[in-house]
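Read the structure below first, then the notes.
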There are 2 protein chains.
Amino acid sequence: MKKKNITIKDVAKKAGVGVGTVSRVINNSPHVNPRTKEHVLKIIQEMGYMPNPHARRLSSGHTKIITTIFPQMVGEFHQLLLSGIDEVFEKEGYTSFVYPLYSENRYKFVRESSDFVLGTDGVIIDALNVDKLLKQYIPKNVPVVSVEFDSQKYDSVILDNFYGGMIAGDYLSNFEGDLFIVTHDRKTKLESTVFEERVSGFIESIERKGRKVAKIFKIDLDWLEAIKVAKAVFSISKKPLIFATTDYFAFPVIEFARIKGLEPKEDFFLCGFDNLTLSSILNITTIKQPIKKMGKTAGEMLLRKIKGYSRKRQTVAFKPELIERNT
Amino acid sequence: MKKKNITIKDVAKKAGVGVGTVSRVINNSPHVNPRTKEHVLKIIQEMGYMPNPHARRLSSGHTKIITTIFPQMVGEFHQLLLSGIDEVFEKEGYTSFVYPLYSENRYKFVRESSDFVLGTDGVIIDALNVDKLLKQYIPKNVPVVSVEFDSQKYDSVILDNFYGGMIAGDYLSNFEGDLFIVTHDRKTKLESTVFEERVSGFIESIERKGRKVAKIFKIDLDWLEAIKVAKAVFSISKKPLIFATTDYFAFPVIEFARIKGLEPKEDFFLCGFDNLTLSSILNITTIKQPIKKMGKTAGEMLLRKIKGYSRKRQTVAFKPELIERNT
DNA sequence: CTGAAAGCGCTTACAG
DNA sequence: CTGAAAGCGCTTACAG
């Protein structure tokens, strides 16, 4: 079954040098005579030699791989975060894999296979309660950075969701009308608490202004449910001010309002969260987070840990901002 | 810098057995006395031993990793495809990584780093012209399966997009009105040709029925552009029959129509493609592809190759089906 | 700048 | 069922 691959030895023999020299060439070591280097490179080319990554990793001790674990894979947000992370690791020659954790099986796999994490120089974990979910399965010597969850154990990059909720509250409480919140309901203690933080910030803000929430709708991350909420809201109130803790919930609301012929900023106000592309297309007021920058920061923190510059655990919190549009 | 890790030797010594026995235990070999196994397992537990994956890979020759390359990471479709792939590999104990190729840098990386592909037992590549883009960078002995692109070199799993276009044509030509196509314009020869195939199938179908297309709109994958198209279509025709080669283009159309107070199946007909979740929510007629099944099939083909059951290159084509809804 | 050799931590015939 | 040993293909002091 095993094909005889071309190894560093074959190259060394054919080039008439030692394996150490070949190794230095493929690792771009400066301690090689340019002539030798050129010659070896030619032989490598001719033979189509490709170094075995596992041997390299075994002897060098590092993998030059990092992996980012996402709770799911829903596009835009993750793509931006990843591009921030990549910006840091590309220039260092790392391969950046993605491991979406969208199924129980995938989660089980991380828990049960030490290979998974040990085969990596470092891990970035997005929007997951690492402390409860994964900490015990991750070997102590593997560097980890948590994003969107403020871990007690690992360096963390988070958004100040409470503050985000506050500026949404500051915005909507400028207007007359009844305040509503559409948010996601956590099913388990392990899910992210960002939605709750956004809600708390919102309530804090409006209560300071002597207002209060007419009703909070807690629903699944599901379009249809959001439509139902919109229906309910517009039947309860003739002038609703709606805070959707994610733009996903804001889209169906605006959709419903349009069907009903209701005018934004006249018949209702709406503030979303996340600033997804669709929000700008649909002209929805929302709260924007510096996603790519968060990714980059997380990448830098991880790289520092990989390189062994250890220091105290730290959390970096980014401030979101209000993007006022036509709702 | 290098911490002394616990190795198989340490475990063997402490357990009073040979390293071979420890190896057999961690690999779940049946040729170990149950008592011995239990004892070794206890020692492993106590010491917190975790086998070094690189050493395993170097000596065993396989990595138990597969990676799926996506041209981007836009959620639903890829998640479904991946879950099909995972279904095959989970039970075999493989780690299934994702490598999104959404940036030129990421693409460059695949080209330039042999580690990337060699560190893997097999690769599934989605919606990419492998033959032109990647073939030359992939070592000959790495098993590859192409999805959504009919490769001349690798096993492929594709959707019969031509047929999909035909059934869309069959559907829309049932009605009176002017036929329009909204489709994506390829920027380079390297992009996927699925959209063109869908268009060809559609035209084939309607021409057989003696009809012809009033106008083809070729646009970027962009909501705003699709809105503009909708505007144009409804100003040109009072009874348009619109084929959107992807549901992404169908959403803005329906959105626009609603704003204008136009009734589907009365003022216009609309047929999308892909059957995204939003299509069912918005009640859009569309063409459905068996995505998860395609993933599973691709996974099975890859696994067969990894296991060395070689046979001729083959292409499996799935038939899409019409999902008639309210448009 | 370069070669010979030890070592990385496993797996796997081989012999018992 | 089990141990001793060779081997996987590199990297990296070490000595020159």
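Quick note on labels: first sequence line is chain A, next is B, and so on, each numbered from 1.
Using a 4.0 Å heavy-atom cutoff across all strands shown, B:Pro30 reaches sugar-phosphate atoms only and no base atom. When heavy atoms are screened at a 4.0 angstrom cut-off, B:Ser23 is found touching base atoms of the nucleic acid.
Between A:Lys108 and B:Glu90 there is no salt bridge, since no side-chain N of the basic residue sits under 4.0 Å from a carboxylate O of the acidic one.
For A:Ser59, whose side chain is taken as the heavy atoms from C-beta onward, the closest listed nucleotide among D:dG3, D:dC14, C:dG7 is C:dG7. Distances were taken from every side-chain heavy atom of A:Arg56 (C-beta onward) to each of D:dA5, D:dC10, C:dC10; the shortest belongs to D:dC10. Listed nucleotides: D:dT11, D:dA4, D:dA13. Nearest to the side chain of A:Ile8: D:dT11. Side-chain proximity of B:Val19 to C:dC8, D:dA5, C:dC10: nearest is D:dA5. Of the candidate nucleotides D:dT2, C:dC1, D:dA13, D:dT2 has the atom lying nearest to any side-chain atom of B:Asn33.
Nucleotides D:dG16 and D:dT12 are separated by 16 Å at their C1' atoms, to the nearest Å. Comparing the P positions of D:dC10 and D:dC14 gives a spacing of 23 Å, expressed to the nearest Å.
In this model, the phosphate group of C:dC8 is not approached by any side-chain N or O of B:Asn52 to a distance below 4.0 Å at OP1 or OP2. The phosphate of D:dC10 has neither OP1 nor OP2 within less than 4.0 Å of any side-chain N or O from A:Ser60. Taking side-chain N and O atoms only, B:Thr21 has a distance below 4.0 Å to OP1 or OP2 of D:dG3.
If you take NZ of A:Lys64 and P of D:dT11, they are 12 Å apart, rounded to a whole angstrom. Taking atom CG of A:Asn27 as the reference point, atom C1' of D:dC10 lies 9 Å away to the nearest angstrom. Counting to the nearest Å, the P atom of C:dT11 and the CZ atom of B:Arg57 are 12 Å from each other. A straight line from NE2 of A:His54 to C1' of D:dT11 spans 16 Å, rounded to a whole angstrom. For A:Glu38 and C:dT2, the CD to C1' distance is 18 Å, given to the nearest whole Å. Rounding to whole angstrom units, NZ of residue B:Lys37 and P of D:dT2 are separated by 12 Å. Regarding A:Ile26, its CD1 atom lies at a distance of 10 Å from the C1' atom of D:dG9, rounded to whole Å. If you measure from atom NE2 of A:His31 to atom P of D:dA13, you get 11 Å, rounded to the nearest angstrom.
Remark: D:dC1 base-pairs with C:dG16. Criterion, Watson-Crick or G-U wobble with two distances under 3.5 Å.
Between A:Ser156 and A:Arg313 there is a side-chain heavy-atom pair separated by less than 4.5 Å. Within the 4.5 Å cutoff, side-chain heavy atoms of B:Ile66 are placed close to those of B:Ile85.
The environment of A:Lys13 atom NZ is sparse: at most 12 non-hydrogen atoms of other residues, nucleotides or ligands sit within 6.0 angstrom. Around NZ of B:Lys64, the count of heavy atoms belonging to other residues, nucleotides or ligands within 6.0 Å exceeds 12.
Taking the six-membered ring where the residue is Trp, B:Phe97 and A:Phe97 present parallel rings, their angle staying beneath 30° rather than reaching 60°.
Residues B:Arg24 and A:Lys9 both approach DNA chain D. Their nearest nucleotides, taken by heavy-atom distance, put B:Arg24 toward the 5′ side.
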